[in-house]
Amino acid sequence: MSDHTFLIMTAGALVLVVAALVGAGTGYLARRDRATYPTAVARAAIAFAATLTLAANVTAALASLAGPR
């Protein structure tokens with residue numbers, strides 16, 4: 001495995017871990033705010049998806065700035 005592939009896979013794993021932590025934190029805070037379990041899970045899922053979407057958009061923007069290889 002090349003260094004480039006390793007870096008991409010490590011960055012992807014880091015993004016997934018961060019997104020999971022954001023989702024878990026959002027769900028926890030929703031429950032602390034006395035939301036029902038379905039509402040807390042829905043908020044956590046929305047935060048997880050939003051984090052992944054933001055990471056994908058930032059990656060696309062950086063890739064367009066870098067130009068062709």
Side-chain angles (χ1 to χ4, degrees):
M1 180 180 339
S2 70
D3 290 339
H4 184 70
T5 304
F6 177 75
L7 182 65
I8 290 173
M9 291 179 70
T10 304
L14 180 64
V15 166
L16 284 176
V17 167
V18 168
L21 288 173
V22 167
T26 302
Y28 173 75
L29 290 175
R31 279 299 292 158
R32 291 283 309 229
D33 198 29
R34 295 187 169 76
T36 62
Y37 279 108
T39 303
V41 170
R43 288 182 190 173
I46 290 169
F48 178 79
T51 304
L52 290 180
T53 303
L54 177 64
N57 287 335
V58 168
T59 303
L62 292 175
S64 70
L65 289 177
R69 246 180 151 200

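Since this is a predicted model, take the numbers as computed values, not measurements. All residue numbers refer to positions in the sequence shown, counting from 1.
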Value rounded to 0.5 Å, distance of [atom1] in [X] from [atom2] in [Y]:
X   : Y   : atom1 : atom2 : answer
L7  : L14 : CG    : CG    : 10.5 Å
D3  : I8  : CG    : CD1   : 11.5 Å
T51 : I46 : OG1   : CD1   : 11.5 Å

Problem - Side chain proximity check, L54 to V58, heavy atoms < 4.5 angstrom - result: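 Sidechains of V58 and L54: in contact.
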
Nearest heavy-atom neighbours spanning [X] and [Y]:
X   : Y   : value
S2  : T5  : OG-OG1, 3.1 Å
A47 : G23 : CB-CA, 4.4 Å
R43 : T26 : O-CG2, 3.6 Å
T59 : A55 : OG1-O, 2.7 Å

Problem - V15: hydrophobic cluster co-members (side-chain, 4.5 Å) - result: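 Members other than V15 - counting any ILVMFWY side chain reachable under 4.5 Å - are L16, F48, L52.
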
